[in-house]
*Asks:* 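Could you have a look at this structure, given as structure tokens, before my questions?
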Amino acid sequence: MEPADIFDNLFYWQLTPNGTRLALEPKRKRIGRDKVQTIISELLARAKVINGDSDRLQRITLKLFGSALEERDDYGDVDVSIAYLRRQLSDIERERIENALKARQSNSDRQTFQGRLMGAERQDTREIMAFLKKGLPHLSLMNDDPMDLGTPYRWLVDHDVKTDRPVDVSDDIVRPNGPSILDQHPRKPLPPITLLEARHRAISANTKVAIHDLHIGLEDAATLEEQMWSPKVTREGAFVANDIRSEKRVKFAGFQHLCPIWMKDLGGVAMLNEALDWCDEHNVWVRDLFPGVSIQRSDRTHIIRLGWGHDLIYFNVGGKSTTGSLLPGNRTRVSKIDLAGAYAVGRALSKMYDESRSAKMPWFSADILLPLVEVDRLPDFPRLHKAGAFREGAFQGLQEVTFF
């Protein structure tokens, strides 16, 4: 993190380039050197197929960089830079390939401006990426050029588009002379005060607060905490405690830390069971909901609910965030403990949705009775569907499935 600009007399922080990379880095089980070599060998074989495919508009080059260049005890992933080169084709041959690629475009992509303008090339890139990545979760393909980043690298695959033939590469590591882009990024000086608790906002965990006209969603936890601790800057440049008496939500800042179950390394089902037990122990209203989970997957909609009828909570699971209210519709006062329990439950439901890969499914709805589920995580729904086993009784707990 580094200081960002001052906006509306409040001091804000922003991620540095290194921070952004760390935030985007997926958390996976670490692998050994043998696994790294296996991934590289498989990638080379697949790249050879791509660069020899007469039905492709593009060829690819690959450069290995990052920790895989070093000898270590374990590795997080294998970083590879990929570049796409347009083939030199006749008009007839290009039209043939483009027509075939456009026929495989999704309906949503065809409706976008970029999809209509560059649909064939975009589809070609997607298919190449999917082919290279399939079954290799520890492979990280990036468009960043290590030369521009100032990072050492080794060529894996090079290609001459004029002759449409592979180019021999050396095992030597290339070490760029210029500094990394990350090192060139100017650093802003730290302020004399970085955290200062807001005034008149401290409440105990069990204090009930009226929630009339109040909204607190799953996505608001970090924002409220930032508002609670960000200092205010006076005209003279002094840092003073922020006083947001008009913002009632800030009273609840930090509620998510009261129930840290969502931080545990658990499967979604196990996490939900622990969260509900915690709610039961602390008399949180969520525990009284009917123990059934419903999933709805439709066009741009990913809804997962806990409860029955109007007495439920629901969350919209997106690619980058999960949204949904943490406040009950049938209560007028809640505490930080109530929000903490609902937050842990929401994170567990979101994890269940991601683990089951429901977003990869065709449109469907499913009802699951939690007391009957005996696995740590939900099954892979797309795989069940492909095998013809995604139906009532496909696994213990699945009550009903409807495809649209």
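Throughout, numbering of the chain's residues begins at 1 and tracks the sequence. All heavy atoms count here, side chains included; hydrogens, waters and symmetry mates do not.
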*Asks:* Of all residues at least two apart in sequence or in a different chain, which pass the side-chain hydrogen bond (donor to acceptor under 3.5 Å, both in side chains) check with Q399?
*Replies:*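 With sequence neighbours excluded, Q399 shows a side-chain hydrogen bond (donor to acceptor under 3.5 Å, both in side chains) to no residue whatsoever.
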*Asks:* Of all residues at least two apart in sequence or in a different chain, which pass the side chain to side chain contact (heavy atoms under 4.5 Å, CB included) check with R72?
*Replies:*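 With neighbours one apart ignored, the set is S67, E70, Y75.
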*Asks:* Run the side chain to side chain contact (heavy atoms under 4.5 Å, CB included) test on F381 and R357 for me, step by step, so that the C-alpha distance in whole Å, both residues' side-chain angles and the decisive distance to 0.1 Å come before the verdict.
*Replies:* CA-CA 6 Å; F381 281 176; R357 297 176 64 238; over 6 Å; no
*Asks:* To check you understand the geometry: which heavy-atom pair defines the closest contact between A342 and W285, and what is its length?
*Replies:*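 Where A342 meets W285 most closely, the heavy atoms are CB-CZ2, 4.4 Å.
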*Asks:* Any side-chain heavy atom of L378 sitting closer than 4.5 Å to one from I368?
*Replies:*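 A side-chain contact exists here, since the closest heavy-atom pair is under 4.5 Å.
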*Asks:* So, using ring pair (Phe, Tyr, Trp, His ring centres under 6.0 Å) as the criterion, who are the partners of F255 when residues are at least two apart?
*Replies:*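 Ring pair (Phe, Tyr, Trp, His ring centres under 6.0 Å) check on F255 returns Y343.
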*Asks:* Tell me, do V286 and D338 make a side-chain contact under 4.5 Å, heavy atoms counted?
*Replies:*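 A side-chain contact is absent here, since even the closest heavy-atom pair is not under 4.5 Å.
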*Asks:* Would you say that P382 contacts H385 through its side chain, given a criterion of any heavy-atom pair below 4.5 Å between the two side chains?
*Replies:*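 No, too far: nothing below the 4.5 Å cut-off.
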*Asks:* Using side-chain heavy atoms (C-beta onward) and a distance below 4.5 Å, is L89 in contact with I97?
*Replies:*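 L89 vs I97: side chains touch.
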*Asks:* Do L69 and R154 come within less than 4.5 Å of each other through their side chains, counting heavy atoms only?
*Replies:*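 Yes, side chains in contact.
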*Asks:* Around atom CZ of R383, are there more than 12 heavy atoms of other residues, nucleotides or ligands at under 6.0 Å?
*Replies:*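 Atom CZ in R383 is not packed in, count stays at 12 or less.
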*Asks:* Are F364 and F404 near enough that their ring centres are under 6.0 Å apart?
*Replies:*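 Ring centres of F404 and F364 not closer than 6.0 Å.
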*Asks:* List for me each residue that meets side-chain hydrogen bond (donor to acceptor under 3.5 Å, both in side chains) alongside N107, sequence neighbours excluded, and say none if there are none.
*Replies:*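 N107 satisfies side-chain hydrogen bond (donor to acceptor under 3.5 Å, both in side chains) with R110 once adjacent residues are dropped.
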*Asks:* Check for a donor-acceptor pair, side chain of R347 on one end and backbone N or O of I261 on the other, with a separation under 3.5 Å.
*Replies:*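 Side chain of R347 to backbone of I261, a donor-acceptor pair under 3.5 Å: no, none is there.
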*Asks:* Please name the pair of heavy atoms, one in L132 and one in A47, separated by the smallest distance, quoted to 0.1 Å.
*Replies:*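 In this case the closest contact between L132 and A47 is CD2-N, 4.0 Å.
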*Asks:* For F131 and V49, run side chain to side chain contact (heavy atoms under 4.5 Å, CB included): C-alpha distance rounded to whole Å, both residues' side-chain angles, the deciding distance at 0.1 Å, then the answer.
*Replies:* CA-CA 10 Å; F131 178 71; V49 172; 4.0 Å; yes
*Asks:* So which atom in C259 and which in A340 form the shortest heavy-atom distance, rounded to 0.1 Å?
*Replies:*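 Taking every non-hydrogen atom into account, CB-O, 3.8 Å.
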*Asks:* Side chains of H302 and Q296: closer than 4.5 Å at any heavy-atom pair?
*Replies:*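 In short, these two side chains do not touch, never coming nearer than 4.5 Å.
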*Asks:* Looking at D145 and K63, does any basic side-chain N land under 4.0 Å from a carboxylate oxygen?
*Replies:*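 Salt bridge present between D145 and K63.
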*Asks:* Are D168 and D158 close enough, and set up right, to give a side chain to side chain contact (heavy atoms under 4.5 Å, CB included), and what steps lead you there?
*Replies:* CA-CA 7 Å; D168 292 335; D158 196 5; over 6 Å; no
*Asks:* Is the shortest heavy-atom distance from the side chain of P362 to the side chain of F403 under 4.5 Å?
*Replies:*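 The answer is yes, as the side chains (C-beta and beyond) meet within the 4.5 Å cut-off.
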*Asks:* Donor-acceptor check, side chain of K351 to backbone of L266, threshold 3.5 angstrom: yes or no?
*Replies:*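 Such a contact is found between K351 side chain and L266 backbone.
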*Asks:* So, using side chain to side chain contact (heavy atoms under 4.5 Å, CB included) as the criterion, who are the partners of S170 when residues are at least two apart?
*Replies:*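 For S170 the side chain to side chain contact (heavy atoms under 4.5 Å, CB included) partners, ignoring immediate neighbours, are D172.
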*Asks:* Considering all heavy atoms of both residues, which atom of S54 and which atom of R87 are nearest to each other, and what is their separation?
*Replies:*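 Heavy atoms only, the tightest pair is O-NH1, 3.3 Å.
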*Asks:* In terms of side-chain heavy atoms, does S41 have a donor or acceptor partner in T38 at a distance below 3.5 Å?
*Replies:*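 On atom types as modelled, these side chains do not qualify, holding no pair under 3.5 Å.
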*Asks:* Tell me, please, which residues at least two apart from R249 pass salt bridge (Lys or Arg N to Asp or Glu O under 4.0 Å).
*Replies:*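 Applying salt bridge (Lys or Arg N to Asp or Glu O under 4.0 Å) to R249 gives D220, E247.
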*Asks:* Check ring pair (Phe, Tyr, Trp, His ring centres under 6.0 Å) between F395 and all other residues, then give those that pass, not counting sequence neighbours.
*Replies:*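 F395 satisfies ring pair (Phe, Tyr, Trp, His ring centres under 6.0 Å) with no residue once adjacent residues are dropped.
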*Asks:* Look at atom CG of N99 and say whether more than 12 heavy atoms of other residues, nucleotides or ligands are closer to it than 6.0 Å.
*Replies:*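 Correct, the count exceeds 12.
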*Asks:* Could you tell me the separation between the CG atom of L62 and the OG atom of S81, rounded to the nearest 0.5 Å?
*Replies:*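 Between atom CG of L62 and atom OG of S81 there are 8.0 Å.
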*Asks:* Taking side chain to side chain donor-acceptor pair (under 3.5 Å) as the cut-off, I'd like each qualifying pair that reaches into residues 273-284, sequence neighbours left out, listed once.
*Replies:*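 Passing the test, one end in residues 273-284: K264-E274.
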*Asks:* About how many Å separate NZ of K48 and CG of L43, when rounded to the nearest 0.5 Å?
*Replies:*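 NZ of K48 is found 14.0 Å from CG of L43.
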*Asks:* Do K336's NZ or CZ and the ring of F252 fall within the cation-pi criteria of under 6.0 Å and 45°?
*Replies:*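 No cation-pi geometry.
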*Asks:* Is it the case that more than 12 heavy atoms not belonging to E93 sit under 6.0 Å from its CD atom?
*Replies:*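 Atom CD in E93 is packed in, count exceeds 12.
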*Asks:* Any chance you could lay out the side chain to side chain contact (heavy atoms under 4.5 Å, CB included) test for V401 and F390, step after step, and finish with the verdict?
*Replies:* CA-CA 8 Å; V401 180; F390 191 47; 3.7 Å; yes
*Asks:* For E225, which residues count as a side-chain hydrogen bond (donor to acceptor under 3.5 Å, both in side chains) partner, sequence neighbours excluded?
*Replies:*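 With neighbours one apart ignored, the set is Q256, H257.
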*Asks:* Please identify each residue that fulfils side chain to side chain contact (heavy atoms under 4.5 Å, CB included) with H212, with sequence neighbours left out.
*Replies:*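 Side chain to side chain contact (heavy atoms under 4.5 Å, CB included) check on H212 returns nothing, list empty.
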*Asks:* Would you name the heavy atoms of R377 and V375 that are closest together and state the gap between them?
*Replies:*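 That closest heavy-atom pairing would be O-CG2, 2.8 Å.
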*Asks:* Restricting to pairs with a member in residues 113-125, which pass side chain to side chain donor-acceptor pair (under 3.5 Å), not counting sequence neighbours?
*Replies:*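 Sorted result for residues 113-125: R56-D124, Q58-D124, Q58-T125, R86-E121, D109-R122, Q123-R126, Q123-E127.
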*Asks:* State, with a plain yes or no, whether a side-chain heavy atom of L272 is found less than 4.5 Å away from one of V293.
*Replies:*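 In short, these two side chains touch, coming nearer than 4.5 Å.
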*Asks:* Please check if atom CG in L117 has more than 12 non-hydrogen atoms from other residues, nucleotides or ligands closer than 6.0 Å.
*Replies:*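 Count over threshold, so yes.
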*Asks:* If we ignore hydrogens and angles and just use 3.5 Å, is the side chain of R46 paired with the main-chain N or O of K134 as donor and acceptor?
*Replies:*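 Indeed, once roles are kept as given, a pair shorter than 3.5 Å links the two residues.
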*Asks:* Not counting sequence neighbours, which residues clear side chain to side chain contact (heavy atoms under 4.5 Å, CB included) with N51? List them please.
*Replies:*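 Only R59, I60, V157, H159 meet the side chain to side chain contact (heavy atoms under 4.5 Å, CB included) criterion with N51.
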*Asks:* So, does D77 use its side chain to make a donor-acceptor pair with the main chain of S140 at under 3.5 Å?
*Replies:*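 Flag not set: sc D77 to bb S140 has no pair under 3.5 Å.
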*Asks:* Taking 4.0 angstrom as the limit, do R165 and D160 come out as a salt bridge?
*Replies:*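 Answer for the salt bridge query: no.
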*Asks:* Using 4.0 Å as the upper bound for N to carboxylate O, is an ion pair formed by D73 and R33?
*Replies:*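 No.
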